[in-house]
There are 2 protein chains.
Amino acid sequence: MNLDKAESQTGTLGKALAVLDVIATSYEPLRFTDLLNRLGQPRGSLHRQISHLLEEGLITLNADTGTYELGVRLLNWASLAWSQNSLRQVAAPFLAALHERTNETVHLAVLRDDRVVYLDKVESCQAVRMHSQIGNTSPVYCTGVGKAMLSVLDQASVAELAQRLDFQVFTKHTLTSPAALLAEVEQIRAQHYAEDREEHEVGIRCVAAPLVSAQGELRGGISVTTPVYRLQAQQLEQWRVWVVETAQAINNSLKVKLGPHA
Amino acid sequence: MNLDKAESQTGTLGKALAVLDVIATSYEPLRFTDLLNRLGQPRGSLHRQISHLLEEGLITLNADTGTYELGVRLLNWASLAWSQNSLRQVAAPFLAALHERTNETVHLAVLRDDRVVYLDKVESCQAVRMHSQIGNTSPVYCTGVGKAMLSVLDQASVAELAQRLDFQVFTKHTLTSPAALLAEVEQIRAQHYAEDREEHEVGIRCVAAPLVSAQGELRGGISVTTPVYRLQAQQLEQWRVWVVETAQAINNSLKVKLGPHA
DNA sequence: AAACAAATTCCACTATTTGGAACAAAAATA
DNA sequence: TATTTTTGTTCCAAATAGTGGAATTTGTTT
C-alpha cells in the first residue's frame, strides 16, 4: 500500500519516543493538551502513550503544575551509558594526558543526527556545572570537532548533509553556507586537523581532530578549547601537533582494544 | 482471563525497555544470543525489538565485538532531564550555599524503585569524574538521604518496602534487617535528620534531611558528606542544624515556585 | 449553579507484534 | 576443504496490543 520513501517505522516504540522527544526538547513545560496540539494525535492514543511513559518512569507528572518532566530513569541510564561506552573508556587516559599538556579544556564528541554530542570533558577545576557539557549537542558546522568529523566522511555524504543543515549565524565567523562548509572540510581533510575560529562563540577558539576505526570509519572527535585572550600564536601551532598526535594514539588504541580481527 | 496480581503492563514499550534495561545493567557486553538467553524471548521478537532500539538510537551495535552498548541519545535526554528538572532548579542555590558553609560535598537525591538516585552534587573541585555521581543509584537503607526520605513515608509503606529489600552488608555498621531499619527510621522521624555512620562506605559519614511538598509528600533529600578523618564532634552538630535549615528553606521555596494553589 | 475546558474512559476496528520455523551466514570442528 | 554447530536474519498466519472517535468524568471559571 505504501512504498513511498525511506519507510522507516519503529512502530509503537517510535511513537512513544516521539512523545518523549517533544517533552525533552520543549522550552516550556507541557500539559496534556499542549502535547495533544504538538503531536496532532487522537486523545485516546496520546493518553495511553503517556500513561505507559509514566508507568515506565521515563516521564513524571508534576502534580502541582499538571505538566510533564523527563524522569530520573533517564539519568540512571545515561550514567550507565556513559560508563560503559567503549570509545570513552579507551579515550579517557589520552584526554587526561592532553589536558595535562595543554592545561586547557579537552572534549570528546561523537556525531549523531547531524549534530555533535559531547561524550566527555576534561577541564581545570571550574564551577562544577553538571555533566558540564556531557550529553549536550552542538551544530556540526561551527564546531571544531564537528568539522573534523565531517572530514572523514566521503565527500558525497558531507555534501548531502550540508544541504539539509539549517545554518544559524552565531558570530561573524560562522560558516553560513553548504559551499563554505564543503570548502573548509576539504581543507581539513588535507591538514588532518580542524579549527573553530570563534565560529560558535565569540572569544572561544579550538583545535580538533577526528577519531577513526582501523577500517577508517568515523568514530568521533577530540578537541582542545581555549579563550582567545590567553592564546598565543605558537601555542596554537603546538596544540595542532598534540591534538593530531593524541587522536592518532587513540586510533591505535581502538584497534588494539576493540577490533583485533581483520 | 487474567486478573492475577498487580497486572501492570506497558505493552510493547515495556518489552522494548526491558531489553534496554538488560543491556544497561549487564556487567559484560552482550551479543544477540546473550540477550536471547537472558530475556527468554522468541528469536524473531527479540530481533525486531533490537532493530527498533537500534534505529531509535537507544542502543548501538559495536561492529568490532558484535555486542550492544547504550546509545548516546540517552545521554542527550539525560542532559535535558537534568536541566529541566524542577526540584533540582529550585534546590540548586540552596545546595551551593550549604556547600559554601560546610565546605563539604553536598548531594540532592530522589527515591525511585526502592533506591536512591542522585540528582545533583556540589563539591570542592576534585578529580572531575563524569556526572561524578549524577544518575547513579545507592540502596536506601545505608545512605543518609535514603533513610531521611523513608522517614516521611507512612510507617506501613516503609515496613512493606523494608520487607522486600535485599540487605547487603557493606561495612560493619550497615543495617541488615527490616527491624533495624524501621527502628532507625522511627528515630529519624522524630529528630528530623538522618545520619549515615559509615554504613555504606568505611570512613565516610553524612548528615541528611528529607524534602517535602506543601502537602507533606516526599520530594527528595539532601545531604552533607565527609570523610571521618576530618570530622570533629561539634562540626557534626553544626551540620545537623544547617542541613535541616536548608531542607526547610528548599521546602518553602518549593511551595512558592511550584504549587501556590491549595 | 451553570457553562466551559481539560482529562480520562470506553469499545468496535485495525495495525503491529508475536513466535515458530525455515533460511542464511559465520565459526568451530573434523 | 568439507561438515557440523552456532549465531543471526527473514517470513507469515495467528494473537495481541494500539487506534481513534465519542461519551463520560473531573475540575475550573463565570
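In what follows, chains carry the letters A, B, and so on, assigned in the order in which the sequence lines appear, proteins first and then strands, with residues in each chain numbered from 1. All values reported here derive from a predicted model rather than from experimental measurement. Side-chain atoms are counted along with the backbone in the values below, which use heavy atoms only and exclude waters and symmetry mates.
At the heavy-atom level, A/G44 lies under 4.0 Å from base atoms of the strands shown. Using a 4.0 Å heavy-atom distance criterion, B/S45 is classed as a base contact.
Distances shorter than 4.0 Å separate some side-chain N or O of A/H47 from OP1 or OP2 on C/dT8. Using a 4.0 Å cut-off, some side-chain N or O of A/T33 falls inside it from OP1 or OP2 of C/dA7.
In this structure, the NZ atom of B/K15 is 11 Å from the C1' atom of C/dG19, given to the nearest Å. Nucleotide D/dT10 holds its P atom 14 Å from the CG atom of B/L46, rounded to whole Å. Here D/dA17 presents its C1' atom at 14 Å from CG of A/L13, a figure rounded to the nearest Å. With rounding to whole Å, A/Q49 atom CD is found 16 Å from C/dT9 atom P. One interatomic measurement links the two molecules: CD of A/Q41 to C1' of C/dA15, which rounds to 14 Å at whole-angstrom precision. Going from atom CZ of B/R48 over to atom P of D/dC12 covers 15 Å, rounded to whole Å. When the P atom of C/dT9 is taken as reference, atom NE2 of A/H52 falls 12 Å away, rounded to whole Å. Distance CG (A/L35) to P (C/dT8): 12 Å, rounded to an integer number of Å.
With no hydrogens or angles considered, a side-chain donor-acceptor pair links A/Q49 and A/Q41 at under 3.5 Å. A donor-acceptor pair shorter than 3.5 Å cannot be found between the side chains of A/R189 and A/S151.
Note on A/R38 versus A/E28: salt bridge recorded, some NZ/NE/NH1/NH2 to OD/OE distance being below 4.0 Å. Classification of A/R73 and B/D21 as a salt-bridged pair holds, one side-chain N sitting under 4.0 Å from a carboxylate O.
Toward the 5′ end of DNA chain C lies the nearest nucleotide of A/L61, the other residue of the pair B/P42 and A/L61 mapping further downstream. Mapping A/R43 and A/T12 onto DNA chain D by nearest heavy atom places A/T12 closer to the 5' end of the strand.
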Original post:
After noting the C-alpha distance and the side-chain angles of B/S79 and B/N76, does the key distance pass the side-chain hydrogen bond (donor to acceptor under 3.5 Å, both in side chains) rule?
Top reply: CA-CA 5 Å; B/S79 160; B/N76 185 221; 5.0 Å; no
